[in-house]
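Note on naming: letters A, B, ... go to the chains in the order of the sequence lines (proteins, then strands), and numbering restarts at 1 for each one.
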Protein chains: 2
Amino acid sequence: MATGREIAQLCGVSVATVSRVFNQPETVNEDTRERVLRVAKELDYRPNESARALSTKQSTMIGLVWDTDHRRPGWRHPYLQDLLIGLKSALSAHGYHLLMLATSGDAREVGASLADPVGYVNMTRRHHLGGLVLIDSGSDAEAFEAFAQSGVPCVALDVAVDGPRATYVTSDNSGGARAAVAHLVGLGHSRIATITGPPGNQPSDARLSGYRAALRDAGAEPRAGYVVAGDFYRASGTAAMQRLLALDEPPTAVFAASDEMAVGALLAARAAGLRVPRDLALVGFDDIEIASVVDPALTTVAQDKPGFGVAAAKAIMAMITGGGPEGPVVLPTQLVVRDSCGAR
Amino acid sequence: MATGREIAQLCGVSVATVSRVFNQPETVNEDTRERVLRVAKELDYRPNESARALSTKQSTMIGLVWDTDHRRPGWRHPYLQDLLIGLKSALSAHGYHLLMLATSGDAREVGASLADPVGYVNMTRRHHLGGLVLIDSGSDAEAFEAFAQSGVPCVALDVAVDGPRATYVTSDNSGGARAAVAHLVGLGHSRIATITGPPGNQPSDARLSGYRAALRDAGAEPRAGYVVAGDFYRASGTAAMQRLLALDEPPTAVFAASDEMAVGALLAARAAGLRVPRDLALVGFDDIEIASVVDPALTTVAQDKPGFGVAAAKAIMAMITGGGPEGPVVLPTQLVVRDSCGAR
DNA sequence: CTGAAAGCGCTTACAG
DNA sequence: CTGAAAGCGCTTACAG
């Protein structure tokens with residue numbers, strides 16, 4: 001690893017000039033600039049990132065807050081990989097790396113926990129991170145609010161935050177849910193129930209309101225017992241479906257606020273001797289891999305998974321280079337009609 | 001963010017002493033040490049990482065090489081999330097963060113591509129990374145070999161590498177495959193075919209050899225046309241199954257080297273009017289989520305997914321703190337019997 | 001257009 | 001046990 005000083009000596013210039021060549025090229029004479037550039041290239045010189053960060057108080061890293069080993073060991077993001085692909089690619093395009101921050105549980109207190117957002121904020125200062133991307137695990141709202149207020153640029157995924165340098169990206173959950181339920185209405189269903197995510201969770205609540213809106217559009221409203229809460233995971237879908245089937249007048253169609261719950265519901269329906277979609281129409285949300293693999297293949301509302309990451313990257317870069325936060329980014333969703341709704 | 005100097009002034013000591021309190025506590029007088037510690041705690045002092053890295057030439061970050069936006073945009077790791085959870089948690093326990101390195105495609109040439117492993121090696125030097133974790137995307141062997149030879153500590157996942165400071169972790173692929181096929185043999189099958197992963201790929205080849213070994217154990221050997229190559233993805237499983245069904249004497253059982261391909265094979269079998277497991281027994285590999293969701297639920301060989309990450313973290317930490325590389329880590333696998341093999 | 005100097009915040013021999 | 005000093009490699013006013 002060549003250093004700036006070596007380049008300088010080889011070129012007969014000062015290190016300041018070498019530095020300028022890379023940071024304010026227009027301020028240096030063309031001849032010397034090219035000489036420096038050539039030598040730098042030969043030696044494959046690249047500025048040391050630690051030194052640069054120390055000096056400029058800015059690194060080329062964005063922090064990722066993703067709570068893994070904390071209270072909810074079983075928690076999983078429905079499409080983390082796609083999200084990361086989008087995020088990493090878009091960040092790469094700006095020359096930024098993604099730093100997955102260590103979380104608590106270690107001996108040396110280097111990691112932080114969401115119970116102590118200050119720890120993360122400190123970490124971003126110590127590493128001179130450009131900002132923070134916050135991946136929600138369903139109930140981090142308070143912690144995220146603390147980040148948002150801290151003043152470090154941050155963008156949250158799927159949770160509404162507000163702060164001087166904070167924004168968030170989310171899908172058009174209510175619109176997607178509305179389209180899904182409208183589709184069910186269009187198929188002639190009038191007894192449409194929903195299995196929601198955890199109350200208070202932003203996408204969960206939005207999907208529920210989309211469900212209500214679609215019923216309203218149809219001049220109807222949810223029957224008693226037709227809104228039952230799950231937690232986005234499969235088992236809760238099964239339990240919810242069982243409750244729905246126990247009603248005096250069970251639904252003929254169910255909109256589940258996640259594919260996982262839809263699958264859970266499917267299992268429950270099957271166990272109860274119902275055939276999907278003939279006896280029960282089912283629509284999910286997310287369009288994760290299992291949706292297309294399950295039998296019958298699940299009709300669902302697709303989210304733009306890599307788009308999530310890309311949008312987050314864009315938003316954070318805008319705050320780093322530009323100024324204040326822009327409004328929340330709302331990604332379009334798309335109804336994917338497969339077999340579980342009975343449209344085919 | 002308090003600096004060491006502030007602590008020093010407040011305590012009436014030099015910055016050197018403050019530094020010692022954190023790095024070689026035993027060399028400083030107990031009273032002053034506690035005074036420093038107390039003040040440091042009050043101000044929530046933590047050493048600036050950039051400065052520390054610049055000075056010690058060591059950061060608390062491990063690089064992650066994960067090729068995303070390159071040639072194979074469709075590539076997916078079967079269980080990246082679990083792997084990352086294990087990796088991140090185990091690294092956190094040592095106070096290390098995970099840096100997902102930017103890849104090529106950006107204007108500023110900050111990212112590297114696997115076609116140019118040197119770029120990554122430079123990056124690890126510039127950031128003073130402790131080492132590199134290499135996630136294989138099926139055909140990165142040559143690039144990984146270059147990393148392994150570079151001298152930077154690195155551990156590859158699922159691809160055998162060799163170098164002065166390099167090792168790898170993988171599952172007991174051959175043992176797992178052998179157990180799976182032995183199970184099929186135990187169920188009375190004698191016409192057992194296999195759908196392999198891409199030839200040359202380490203897990204793929206190992207699984208194939210496990211298949212052969214199990215047949216040999218049974219005093220048999222693969223019939224002509226009973227070994228057909230896929231690429232680990234679903235579509236290739238479907239295609240392979242179609243070829244198997246076109247044989248004069250089609251198999252009564254199939255071991256697919258991945259769950260994705262097993263699902264593909266299942267679809268093909270179903271399309272051909274076969275019932276699984278009655279007409280065809282099927283076993284997969286990986287135990288990813290879809291395995292338990294598909295109908296019939298897939299019998300498969302489970303890998304220790306978070307264990308992969310944990311093992312990688314352990315190996316890299318050992319090389320950072322200790323010295324030379326230890327031998328490859330081989331994780332045990334486990335046969336998970338569900339419905340697709342007909343054992344129930 | 002370019003250089004000398006100071007500074008970013010820490011660590012580590014070297015004296016004492 | 002502790003301080004003064006040098007150094008890590010870069011950037012950025014400040015002069016010239």
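- A donor-acceptor pair is defined here as one N or O able to donate and one able to accept, closer than 3.5 Å; such a pair exists between the side chain of B/Thr167 and the backbone of B/Glu326.
- Within 4.0 Å (heavy atoms only), B/Ser50 reaches no atom of the nucleic acid at all.
- Between the CZ atom of A/Arg52 and the C1' atom of C/dG9 there is a distance of 18 Å, rounded to whole Å.
- In this structure, of C/dT2, C/dG9, D/dT2, it is C/dT2 that holds the atom nearest to the side chain of A/Asn29.
- Straight-line distance from the CZ atom of A/Arg33 to the C1' atom of C/dC1: 11 Å, rounded to whole Å.
- With distances taken from any side-chain atom of B/Asn48 to the nucleotides D/dC10, C/dC10, C/dG3, the minimum falls on C/dC10.
- Side-chain polar atoms of A/Asp140 and A/Ser137 form a donor-acceptor pair below 3.5 angstrom.
- Between the side chains of B/Asp158 and B/Thr170, at least one donor N or O lies within less than 3.5 Å of an accepting N or O.
- As a whole-Å value, the separation of B/His128 NE2 from C/dC10 P is 16 Å.
- In this pair, A/His97 and B/His127 present their aromatic rings perpendicular. The plane angle is above 60°, beyond the 30 to 60° band.
- In this model, the phosphate group of C/dC8 is not approached by any side-chain N or O of A/Ser55 to a distance below 4.0 Å at OP1 or OP2.
- A salt bridge is absent between B/Asp31 and B/Arg33; no separation between the charged side-chain nitrogens and carboxylate oxygens falls under 4.0 Å.
- Listed nucleotides: D/dG3, C/dG9, D/dC10. Nearest to the side chain of B/Leu54: C/dG9.
- A sub-4.0 Å separation between OP1 or OP2 of D/dG7 and a side-chain N or O of B/Lys57 is absent.
- Distance, A/Gln9 CD to D/dG9 P: 12 Å, rounded to whole Å.
- Atom pair A/Arg126:CZ and C/dC8:C1' shows a separation of 17 Å (rounding to whole Å applied).
- Residues of residues 15-23 of chain B having a heavy atom closer than 4.0 Å to DNA chain D, listed by number: B/Ala16, B/Thr17, B/Arg20.
- With D/dG3, C/dC10, D/dT2 as the choices, the nucleotide that has an atom nearest any side-chain atom of B/Ser14 turns out to be D/dG3.
- Checking B/Asn29 against B/Arg35 by side-chain atom types alone, no donor-acceptor pair falls below 3.5 Å.
- Remark: C1' of D/dC10 and CD1 of A/Ile7 are 13 Å apart, rounded to the nearest angstrom.
- Rounding to whole angstrom units, NE2 of residue B/His127 and P of D/dG9 are separated by 16 Å.
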How does DNA chain C look in dot-bracket form if you count Watson-Crick and G-U pairs under 3.5 Å, write [ ] for pairs that cross, and put | where a base pairs with another strand? |||.||||||||.|||

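- B/Asn48 and A/His128 form a side-chain donor-acceptor contact under 3.5 Å, judged by distance and modelled atom types alone.
- If you measure from atom CD of A/Gln24 to atom C1' of D/dA13, you get 10 Å, rounded to the nearest angstrom.
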